[in-house]
Amino acid sequence: YLNFKITDALLSEALTGIIHAEAPGKNNSQADQRILLEYVSANPTGPLHIGHGRWAALGDSLVRILRHSGAVVTPEFYINDFGFQMEKLALSVWWRAVELLKQEGALPGVSPDADLLAGRELPYPGEFVIELAQAYLQEAGQRQAMLEDWASVQEAVLQGGEPSSLPIWSERIKQRIIELVAPRILADQRQLLEDIHVHFEVWTSEKKALHESGAVERTLKQLADNGFTYESEGALWFRSSEFGDEKDRVLRKTDGSYTYLTADIAYHDEKFSRVREDGTRYNRIMNIWGADHHGYIPRMRGAIQALGHDPNQFEVVLGQLVNLLVDGERSRMGKRRKMLTLRDVVDEVGVDATRFWMVSKSADSALDFDVDLAASATSENPVFYVQYAHARCCSIFRNAVEPSPNVDTGEVTPPYLQVEELDKLARSLTPSALAPLFNALESDKEKAVLKTLILHLDSFEDTVADAARLRAPHFIAQYAMDVAANFHSFYNVCRILTPDPEVTKARLMLILALRKTLAQALDLLGVSAPERM
RNA sequence: GCCUCAGUAGCUCAGUUGGAUAGAGCAACCGCCUUCUAAGCGGUGGGUCACAGGUUCGAAUCCUGUCUGGGGUACCA
C-alpha cells in the first residue's frame, strides 16, 4: 500500500481550487446524460402522505445532484387522474355531500339524525373529503343537481344499497365532482411540493395525454403490429413472458377497459419518443418507484423493448417504504379517517428537518417515521448540526469585517479587515498565499484536524459524482455531517481571527472554502443554509 | 413456493469499486463558556457486523446455504 505524504502545497491547491470554483463539487461525470426523471406521481385522490415525502425528497435531491454532475434533467410528475380511484373518490365526496344536505334537513323524507352511512365504509373516509363535499355543494347549480339526483336514488339508498354497487348515482354528477375535485387536490399537492422546494417542470395528465389523446390506442396498435399481443379469455394480453416476466399481462380487460399497465406503457412510449427543445431525445428514462412496485419492472421493461426502444435506457430507482410509527407500533398509512399527512409533518418539524431526514438514509432500507418523535426530532435532527456549522462560518466572517464593541469597557475594536480586502484576497488567491495556514499551527493535533478538514473538502467533488452514479443522495447528507464534525473540531482547537493578519487571512480562506462547500451540499439536498441560528 | 430489500453499539442508521484499530447522531456518565455562536468540543462505557460455510494475502463488504423482518407475487392503481 502506498503511504504518500500529502504536502501542504497540495492541500493549498485544493483549497484554492474550491475558492475559485463557481460551485464546489461540480463535475462532468454525467455529462452525456439527458434524463427524464419521473417521481412522486401521486393519484389526485387526497393529500400527500409521508411516503410521498420520501420520494419527493429523494427525487429532487437526485435532480440537483445529477445536474451538478453535468446531466440534463427534466423532473416530471405523472398525474394518475384516470380510473377507479378517481371514481371511488367521487363516490366518497357524493356521500359526504348527501350527509351535509341531510344535516341541513334538506333531504325530503330523511331525518337530519338518520345515519345513512351506518354500516357503510367509504372508499376515502378522510376528513378532507368533507371539505371537498362542501366546496362541491357551493358550486353554482350543484346543490340543486344533487337534490334531483337524490330523488332518483333515494329509494335504493334507504333500502340499504351499498355505495360500491354502482351506479346508484348519475354519471353527470360523477364527472362534475371529478372535474372539480381533481384540480383542487392537485393544486394542494403542487403547493406542498413547492413549499418543500420540490419543483417539477412537466406535469403529465394520464387522462388528457394518454386516454383522450388516443395515445393508448396508438401504442396498443404498435404492440400488436410488432406481434406481442394476443386475445384470450375475452381479454387482450401482452406477451411479457417473452421478456423475462413471470407471466403475460392483461392490457384490455373483458369489460373493454384498459389496465393501468396499458396506459403506463403508452406513457413510457411517449417519454422515449418525446423530442426535446434542442431536437434531441432523452437517453435515460428514469423513475422513482416504491418497493411495492418492484414486480412491475420486468413487464414495463419488456413493453419498452417490444416497442423498439432501448431497455437499457430505462431505469427504476426503487425506494423501500416508509412505516408510520404510532405509539411505537407500525401502522399502515392510508385509509384511516385521521391520517398523518406530509403537510402535518412539515408543519411540525419544518421543511429542512423533514427533507434531511428523508434523504440521510439509503433508499434501500425501510424508513420508520416515528410520529411521537417527530416533535422532539426537531432538536435531534442532524440537519441542525450541519446548518450550525454553516452559520458559524458566516458568523466568523461577520466578526472579521465588523468592528466589535466591548460590552464592559465600551471600547471598539476595529475590524480585522475590510470586506473589499477579503473579496480581493479570494479572487486573486494563489496556493502560496495559504502558507500561513500551515506554519502558524501550535500543535500536532491542530495540524491533523486541519489536514483532515481540507482533505474532506477536496473529496466533495468525488462524493457528488459517486452520489450521482449510484443515485444515492444520502452520500451527500453523510458527507455534510462529516465535514461539519471536522469543522466543529477545528473550531474548538484553533482560532480563526488572530492578531496576526496574514494568519487570519489564510484561515479565513479556509473558512470560505468550507462555507461554500457546506452551502452547496445543503443545496443539493434542498435544505437551507442559514447565516445565523 | 418464487422474486426483492434489509439484519452493524441500548435506539435510529452510515460504512461507495474488498484494505489498516468497524463509525456518526440520540441515550448514559465525566470534563470544557471573561476570548470567533456551548444547536459546539474533548473524554469514558457500549459491537462474536443475524448464523454457518466458502473465495482471498486480507471480508461488515464477494459467493452458497440457513434464520428473522419488510415489500411484491391481480382482468387494483
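Just so you know, these numbers come straight off a predicted model, no measurement behind them. Proteins come first, then strands; the chains are lettered A, B, ... in the order of their sequence lines, and each starts at number 1.
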- Are A/N486 and A/T452 linked by a side-chain donor-acceptor pair shorter than 3.5 Å? no
- Kindly indicate whether the side chain of A/H293 and the base of B/rA77 share any N or O donor-acceptor pair separated by less than 3.5 Å? yes
- Task: Give me the residues of residues 237-256 of chain A where at least one heavy atom lies under 4.0 Å from an atom of RNA chain B, by number, or none.
- Result: A/E246, A/K247, A/V250, A/K253, A/T254
- Closest to the side chain of A/L321, out of B/rG71, B/rG40, B/rA77, is B/rG71
- Look at all strands and tell whether A/A291 reaches a base, only sugar-phosphate, or nothing, counting heavy atoms closer than 4.0 Å. sugar-phosphate
- Task: Tell me what A/Y416 touches on the nucleic acid: a base, only sugar-phosphate, or nothing, going by heavy atoms under 4.0 Å.
- Result: nothing
- Message: What's A/Y491 touching, base or sugar-phosphate or nothing? Going by heavy atoms closer than 4.0 Å.
- Response: base
Identify all side-chain donor-acceptor contacts of residues 286-296 of chain A below 3.5 Å with residues at least two apart in sequence or on another chain.
{"residue": "A/N287", "atom": "OD1", "partner": "A/K271", "partner atom": "NZ", "Å": "3.1"}
{"residue": "A/N287", "atom": "ND2", "partner": "A/H268", "partner atom": "NE2", "Å": "2.8"}
{"residue": "A/Y296", "atom": "OH", "partner": "A/D264", "partner atom": "OD2", "Å": "3.2"}

- Item | Atom pair distance, as rounded to whole Å: CG in A/L514 and C1' in B/rC36 | 14 Å
- Item | Base versus backbone protein contacts along nucleotides 5-16 of chain B [heavy-atom cut-off under 4.0 Å; B, S, -] | SS-----SSSSB
- Taking Watson-Crick and G-U wobble pairs with both distances under 3.5 Å, convert RNA chain B into its dot-bracket string, 5' to 3', dots for unpaired and | for cross-strand pairs. (((((((..((((.....[...)))).(((((.......))))).....(((((..]....))))))))))))....
- Query: Looking across every strand, which nucleic acid part, if any, lies under 4.0 Å from A/C394 by heavy atom: base, sugar-phosphate, or nothing?
  - Reply: nothing
- Message: Mind checking if A/A400 touches a base, just sugar-phosphate, or nothing, with heavy atoms under 4.0 Å?
- Response: nothing
- Message: For a quick check of understanding: with a heavy-atom distance under 4.0 Å over all strands, which category does A/Q387 fall into, base, sugar-phosphate or nothing?
- Response: nothing
- Write down the distance between NE2 (A/H488) and C1' (B/rG42), rounded to a whole number of angstrom. 14 Å
Would you list the atom pairs, donor with acceptor, under 3.5 Å between side chains in residues 498-505 of chain A and any protein atom, with sequence neighbours excluded?
{"residue": "A/T498", "atom": "OG1", "partner": "A/D500", "partner atom": "N", "Å": "3.3"}
{"residue": "A/T498", "atom": "OG1", "partner": "A/D500", "partner atom": "O", "Å": "3.2"}
{"residue": "A/T498", "atom": "OG1", "partner": "A/T504", "partner atom": "OG1", "Å": "2.9"}
{"residue": "A/D500", "atom": "OD1", "partner": "A/E502", "partner atom": "N", "Å": "2.9"}
{"residue": "A/D500", "atom": "OD1", "partner": "A/V503", "partner atom": "N", "Å": "3.4"}
{"residue": "A/T504", "atom": "OG1", "partner": "A/T498", "partner atom": "N", "Å": "3.0"}
{"residue": "A/T504", "atom": "OG1", "partner": "A/T498", "partner atom": "O", "Å": "2.8"}
{"residue": "A/T504", "atom": "OG1", "partner": "A/D500", "partner atom": "O", "Å": "3.0"}

- Message: Contact list please: residues 297-306 of chain A against RNA chain B, heavy atoms, distance less than 4.0 Å, in numerical order.
- Response: none
- Query: Between B/rA24 atom C1' and A/Y385 atom OH, what is the distance in whole Å?
  - Reply: 9 Å
